[in-house]
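Notes follow once the structure below has been shown.
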Amino acid sequence: MCSLEKRDRLFLLTLTGDGEHRLNPTLLDSIRSAVNQIRSDPSSLKSVLITTSHGKFFSNGYDLALAKSDPSLPFIMDAKLRSLVADLISLPMPTIAAVTGHASAAGFIFAMSHDYILMRRDRGFLYMSELDIELKVPLWFMAVIQKRIGSPAARRDVMLTAAKVTADKGLEMGIVDTVHSSATETVEATVRLGEEIVKRGSDGHVYGKMRETLFREVLHSIG
Ligand SMILES: CCCCCCCCCCCCC/C=C/C(=O)SCCNC(=O)CCNC(=O)[C@H](O)C(C)(C)COP(=O)(O)OP(=O)(O)OC[C@H]1O[C@@H](n2cnc3c(N)ncnc32)[C@H](O)[C@@H]1OP(=O)(O)O
């Protein structure tokens, strides 16, 4: 599940527990509910969202075991993740993912649906595993990849070699903004960045509309 904490003008959304934070309908609903709670907070127009997680996984992607148990679930999970990503794109505040563990497939897409990614150096991969697990990536995932991974070579490595991208490699690829020595350091740096951004005092409505325009192809692809 996830928890939501307000620290001054920062909202800290944490995927809790030591599991893999596999994206299933329950977790996706829980995250979306937290994002809606943030959106309805009176201070939301002058705040920042930080998303992080407990344990060695940021999110290890869809809960495939569950998905295989009911043929309707893959569609439900996909629809819920699309809605969550659209919510993050329209959220009237800057968003930062503090990636303190592995972010795989849908979990990687979730991380890239934030404006900034700060990541720990010593553990954790950014990993589009679909080639390895022989699942075709949905078109809307590709729209996110296209938008957040600028170089053709990096996109090829991520998608067509299923590279397990470390934080340092992610920095080189332009996916990660800053790299840190530990999970604690990563979260602390994310809070500092959030506080810096809050000081800029940008209007959240304008920021959210700007991001919607920047990601209009992703929103179109999500449908
Ligand atoms: C019939 C119906 C079918 C329906 C199917 C559903 C369809 C759904 C619709 C279609 C959707 C398509 C899109 C799919 C989206 C998805 O999300 S699908 C689910 C995807 N998820 C996965 O595939 C899981 C992928 N994860 C993994 O493979 C592993 O968990 C991992 C990320 C590779 C981590 O492995 P693990 O062994 O647990 O890792 P560690 O023990 O932490 O590390 C392994 C070794 O690597 C070293 N290491 C870790 N981090 C670093 C680092 N940053 N730098 C250097 N080294 C690192 C670590 O020390 C370990 O080394 P050793 O100790 O020497 O082993």
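The figures that follow rest on heavy atoms only: side chains count, while hydrogens, waters and symmetry mates do not. Bear in mind that the values here come from a model prediction, so they are computed numbers and not experimental data. We count ligands from 1, going down the list as the structure has it; atoms in each ligand are counted the same way.
Note that atom 18 (S) of ligand 1 has protein non-hydrogen atoms nearby, at separations under 4.0 angstrom. Taking a distance limit of 4.0 Å, we find that atom 42 (O) of ligand 1 is approached by some protein heavy atom. Counting only heavy atoms, the protein never gets under 4.0 Å from atom 63 (O) of ligand 1. For atom 60 (C) of ligand 1, the protein comes within 4.0 Å by no heavy atom at all. Atom 31 (C) of ligand 1 lies below 4.0 Å from none of the non-hydrogen atoms of the protein. For atom 46 (O) of ligand 1, a protein heavy-atom neighbour is present inside the 4.0 Å cut-off.
Between the choices R121, K164, K136, E130, the shortest heavy-atom distance to atom 33 (C) of ligand 1 belongs to K164. In this comparison of R120, K56, R22, the heavy atom closest to atom 36 (P) of ligand 1 sits on K56. Nearest to atom 51 (C) of ligand 1 by heavy-atom distance, out of F57, F125, F108, F141, is F125.
For the residue pair R39 and S90, a side-chain donor N or O sits within less than 3.5 Å of a side-chain acceptor on the partner.
Heavy-atom neighbours of D70 CG from other residues, nucleotides or ligands within 6.0 Å: above the threshold of 12.
Ion pairing between R120 and E185 fails under the 4.0 Å rule for side-chain N and carboxylate O. Salt bridge absent: E196 and K199 never bring a charged side-chain N and a carboxylate O closer than 4.0 Å. Using a cutoff of 4.0 Å between basic side-chain nitrogens and carboxylate oxygens, E212 and K209 are scored as salt-bridged.
Side chain of H54 to backbone of G17: a donor-acceptor contact under 3.5 angstrom is found. A distance-only check finds no donor-acceptor pair linking the side chain of S221 to the backbone of V218 [under 3.5 Å].
D78 does not count as a contact of ligand 1, since none of its heavy atoms falls under 4.0 Å from the ligand. Residue contact annotation: D132 has no non-hydrogen atom under 4.0 Å from ligand 1.
Rounded to the nearest 0.5 angstrom, I96 CD1 and T52 OG1 are separated by 11.0 Å.
For I133, every heavy-atom contact with ligand 1 shorter than 4.0 Å involves the side chain, none the backbone. Heavy atoms of L64 found under 4.0 angstrom from ligand 1 belong exclusively to the side chain. Contacts between A167 and ligand 1, counted as non-hydrogen atom pairs separated by less than 4.0 Å, are absent for every part of the residue.
F108 has its ring centre no less than 6.0 Å from the ring centre of F125.
Among all protein heavy atoms, the one lying closest to atom 39 (O) of ligand 1 is H102 NE2, 3.3 Å.
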